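Numbering of ligands and ligand atoms starts at 1, following listing order. Worth saying up front: this structure is predicted, and the values here are computed from it rather than measured. Excluded from the calculations below are hydrogen atoms, water molecules and symmetry mates; all remaining heavy atoms, backbone and side chain alike, are included.
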Amino acid sequence: MADNFKVADLGLAEEGRLRIEWAESRMPVLMALREKAKKELPLRGMRVAGCLHVTKETAVLIRTIRAAGAEVSWSGCNPLSTNDSTAAALAAEGTSIYAWHGLSTEEFYWCIDRTLDFKPTLTLDDGADLIFTVHAKRPDLWADVIGGTEETTTGVKRLRAMADDGKLQYPVIAVNDSATKWDFDNVHGTGQSSLDGILRATSVLIAGKVFVVAGFGHCGRGVAMRARGLGGRVIVTEIDPVAALRATLEGFDVMTMEQAAKVGDIFITATGMRDILIGKHFASMKDGAVICNTGHYDCEISIPELEALATSWREIRPNNEEFRLKDGRRIYLLARGRLVNLAAAEGHPSEVMDMSFANQFSALCLLAKEGRNMGKQVYVLPPEQDQMVAGLKLQTMGIAIDKLTDAQIAYSNDYSAGT
Ligand code: ADE
């Protein structure tokens, strides 16, 4: 067994098992799909390589994929997001997993390479690092991979660009683009877990603070809503006029980052773009400003520019580094500019990952069945999938909804009716 995994400490397995059990109790939709899959084995014979944050929720997904008949090999998709006890529990129960908290960049790609040695028939990504590695380094695998899935906005954007250039070698399902993923995971998941990460790393009072959110996509909107809910005075910065207008009409102050930098107490980037907070912003921030990121990559905050301005540095709390500037002002960087919700907290709550991973699992099953007949493009899941996931979720929450009557269906199809 010992040669099909590398984790920080196998001794943490019992703690990890309890964590996973807790998540399972809050993920009823995925658990229902698991029960069905145990009988039907829709992934029998598949070899699934995954590159996605190793959290208790991901463990529930991995157990479900294995219960459906597949073999699994896994790595984390961010150097700071692996929960070591979860990784230990997965290794102890026979999952081939290469993941630990605090990987170097070299180790990160070493882990991905190990999962590819396993010669997958399906790939599963969050951020597209695994699929890019298959494309860049492993042409020998292209013929055997039936398809792939992608979890996040950043990864989907890049894969669409690859497909447009005719470079994609197998079909990919953009799980991110299902309404039952982005409308809940991106908004409510990122919103709550980002505030959770900030609070664990700082323990500050949000009420009364000027809270600056860069980006008003689904993730930024979720963060802005939750910061306001805790009493923050929320400012939004944007580059898109429509998003900026939406934020304004939802009651947020909108301004440029140059203006916000002078007045903000807490800054969070949620843009998917590089260089959102840079030297000129640090130079005008207030003493004590807290900065962090919740976008997929760590390029939104320029740490080299912050380091260049600093005269001293210390870690003041876990996931919280103090940079003292020449004039004595202090800036606090959380989680090294990596996803604050996963590096300083536990990522999105199980209840939203339930829907995201029900979609991931269904996407793998669809690829196993149909992938050989699909083109080398980026696909979305069919709308019935959202209906199924949302319907099941409501059912598990004990919420009933109305149904259209026959007369109402006839009315909605009748274009002759008017005033
Ligand atoms: N992405 C954000 N939160 C997550 C979680 N809890 N598990 C896996 N991926 C995530």
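For atom 8 (C) of ligand 1, the nearest non-hydrogen atom of the protein is Thr58 OG1, 3.2 Å. Given atom 5 (C) of ligand 1, the protein heavy atom at minimum distance is Thr55 OG1, 3.6 Å. For atom 3 (N) of ligand 1, the closest non-hydrogen atom of the protein is His348 N, 2.8 Å.
Taking the side chain as every heavy atom from C-beta outward, Leu333 and Glu322 never approach each other to under 4.5 Å.
Annotation: cation-pi geometry not satisfied between Arg228 and Phe211 (NZ/CZ under 6.0 angstrom from ring centroid, within 45° of ring axis). In this structure, Arg114 satisfies the cation-pi test against Trp110, with its NZ or CZ atom closer than 6.0 Å to the six-membered ring centre and inside 45 degrees of the ring normal.
For the residue pair Asn83/Lys56, the side-chain donor-acceptor check at 3.5 Å is not satisfied. Looking only at atom types and distance, the side chain of Thr180 has a donor-acceptor partner in the side chain of Asn359 under 3.5 Å away.
For Phe252 and Phe216, the ring centers are positioned less than 6.0 Å apart. Aromatic ring centroids of His135 and Tyr170 lie under 6.0 Å apart.
Proximity of Asp185 to ligand 1, defined as any heavy-atom pair under 4.0 Å, is not found for any part of the residue.
The shortest N or O to N or O distance between Asn341 and ligand 1 is not below 3.5 Å. Checked against a 3.5 angstrom limit, the closest N/O atoms of His53 and ligand 1 fall outside it.
Residue Glu57 has at least one heavy-atom neighbour below 4.0 Å for each of these atoms of ligand 1: 5 (C), 6 (N), 7 (N). Of all atoms in ligand 1, numbered sequentially from 1 with element shown, those under 4.0 Å from a heavy atom of Phe357 are 8 (C). Near Gly347, with a cut-off below 4.0 Å to any heavy atom, the atoms of ligand 1 are 3 (N), 6 (N). Less than 4.0 angstrom separates some heavy atom of Glu346 from each of these atoms of ligand 1: 6 (N).
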